[in-house]
*Asks:* 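Sharing a structure here in structure tokens format.
Residue numbers start at 1 and run along the sequence shown.
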Amino acid sequence: MKKLTWAARSLAAVSGALLAGGVLAPSAMASTDTPSDGMAASIMAVSGYDWGYGGRGCNSEHDVASATVDDSESELFGTVFTATTDRRGEGFLNDSRDPADWFSLSLIPGAPDCVQDVALSVTEADPDPGTLYITVVDHKGVVYQAECSVSGTILDATNIAAACGAGFIENVGTPV
């Protein structure tokens, strides 16, 4: 009789484990690697973990781009503009005439959140002033471009918004 009681208890335990697994498995299978906004907010509130740019879940690779003025007749000759992104999706720009000054691309009107990639191009002094083209891709794959006037004045945080006039404009119909 003891063997029958032991077998019945074992069978009940196994059945309970299978039932629990059957109930819990579908919700585990539905889980994704990307947390929802609510889940991310809960995790941030509990753990203090920063999910990225502004706490909105942005995760970006480091990226760097540069453009050099190579027209020897330009007052900007040899100037290198360098842009980079950090892992939080923030973009930064540097004018080599002040190598220690890196400033945020978010100072330019219309700058997207969560910058994933950045590219630069510069025209020389014809027409004067030259133009620095800053192109960024956001986390949704949308491309934005800003056209900034460059001259003898060093670009920095105090004048970048004025130099870029209309700011970042979305390139409509980005195919990514």
Side-chain angles (χ1 to χ4, degrees), residues 33-41 43-44 48-176:
D33 289 338
T34 305
S36 66
D37 289 342
M39 182 187 297
I43 292 170
M44 285 181 357
Y49 181 76
D50 180 10
W51 279 83
Y53 185 83
R56 291 188 286 274
C58 179
N59 188 10
S60 179
E61 296 288 325
H62 289 284
D63 188 39
V64 66
S66 62
T68 305
V69 178
D70 59 3
D71 180 358
S72 61
E73 295 181 21
S74 170
E75 68 177 312
L76 298 171
F77 178 68
T79 301
V80 179
F81 297 99
T82 306
T84 187
T85 60
D86 66 12
R87 291 195 179 269
R88 294 178 303 145
E90 181 77 27
F92 299 93
L93 183 67
N94 172 261
D95 181 332
S96 67
R97 297 172 289 178
D98 186 1
D101 186 23
W102 288 85
F103 50 92
S104 176
L105 292 177
S106 65
L107 296 170
I108 301 171
D113 290 344
C114 197
V115 175
Q116 299 292 307
D117 199 1
V118 62
L120 297 176
S121 177
V122 64
T123 63
E124 279 80 14
D126 187 25
D128 190 27
T131 303
L132 174 65
Y133 296 91
I134 306 170
T135 306
V136 297
V137 179
D138 74 0
H139 67 290
K140 296 176 185 174
V142 179
V143 175
Y144 296 82
Q145 187 173 61
E147 295 181 17
C148 309
S149 295
V150 290
S151 63
T153 303
I154 297 171
L155 288 178
D156 62 23
T158 64
N159 63 18
I160 188 67
C164 295
F168 282 103
I169 307 294
E170 179 181 342
N171 287 354
V172 179
T174 304
V176 291

*Asks:* Partners of D70 by side chain to side chain contact (heavy atoms under 4.5 Å, CB included), sequence neighbours excluded?
*Replies:* E124

*Asks:* Output yes when a side-chain donor or acceptor of S106 lies under 3.5 Å from a complementary backbone atom of A111, and no otherwise.
*Replies:* no

*Asks:* Would you give the length of the straight line joining atom OG1 of T68 to atom CG of L120, rounded to the nearest 0.5 angstrom?
*Replies:* 10.0 Å

*Asks:* How would you list, by chain and number, every residue that makes a side chain to side chain contact (heavy atoms under 4.5 Å, CB included) with S66, sequence neighbours excluded?
*Replies:* V80, T82

*Asks:* Under 4.0 Å between a side-chain nitrogen and a carboxylate oxygen: does that hold for D95 and R97?
*Replies:* yes

*Asks:* Which residues pass the side chain to side chain contact (heavy atoms under 4.5 Å, CB included) test with V143, not counting sequence neighbours?
*Replies:* T135, V137, N171, T174

*Asks:* Is a side-chain donor or acceptor of T85 paired with a backbone partner of D63 at a separation under 3.5 angstrom?
*Replies:* yes

*Asks:* Using the side-chain hydrogen bond (donor to acceptor under 3.5 Å, both in side chains) criterion, which residues pair with T158? Sequence neighbours excluded.
*Replies:* D156

*Asks:* Set out, in order, the CA-CA distance, both residues' side-chain angles and the distance that settles side-chain contact (heavy atoms from CB on, under 4.5 Å) for Q116 and E61, then state yes or no.
*Replies:* CA-CA 7 Å; Q116 299 292 307; E61 296 288 325; 6.0 Å; no

*Asks:* How many angstroms lie between CG in L93 and CG in L105, if you round to the nearest 0.5 Å?
*Replies:* 5.5 Å

*Asks:* Return the set of residues passing side-chain hydrogen bond (donor to acceptor under 3.5 Å, both in side chains) with N94 (not counting sequence neighbours), or none when no residue passes.
*Replies:* none

*Asks:* As a quick check of understanding, evaluate side-chain contact (heavy atoms from CB on, under 4.5 Å) for I134 and F81, giving each step before the final call.
*Replies:* CA-CA 10 Å; I134 306 170; F81 297 99; over 6 Å; no

*Asks:* Determine whether a donor-acceptor pair (N or O, by modelled atom type, separation under 3.5 Å) exists between the side chain of S74 and the backbone of D71.
*Replies:* no

*Asks:* Under the rule for side chain to side chain contact (heavy atoms under 4.5 Å, CB included), what residues qualify as partners of T153, not counting sequence neighbours?
*Replies:* S151, N159

*Asks:* Could you walk me through whether L76 and V122 pass the side-chain contact (heavy atoms from CB on, under 4.5 Å) check?
*Replies:* CA-CA 10 Å; L76 298 171; V122 64; 5.6 Å; no

*Asks:* Is there a side-chain contact (heavy atoms from CB on, under 4.5 Å) between F92 and V118? Walk through the geometry before answering.
*Replies:* CA-CA 9 Å; F92 299 93; V118 62; over 6 Å; no

*Asks:* Hey, could you give me the SG/CZ distance between C114 and R88, rounded to the nearest 0.5 Å?
*Replies:* 11.5 Å

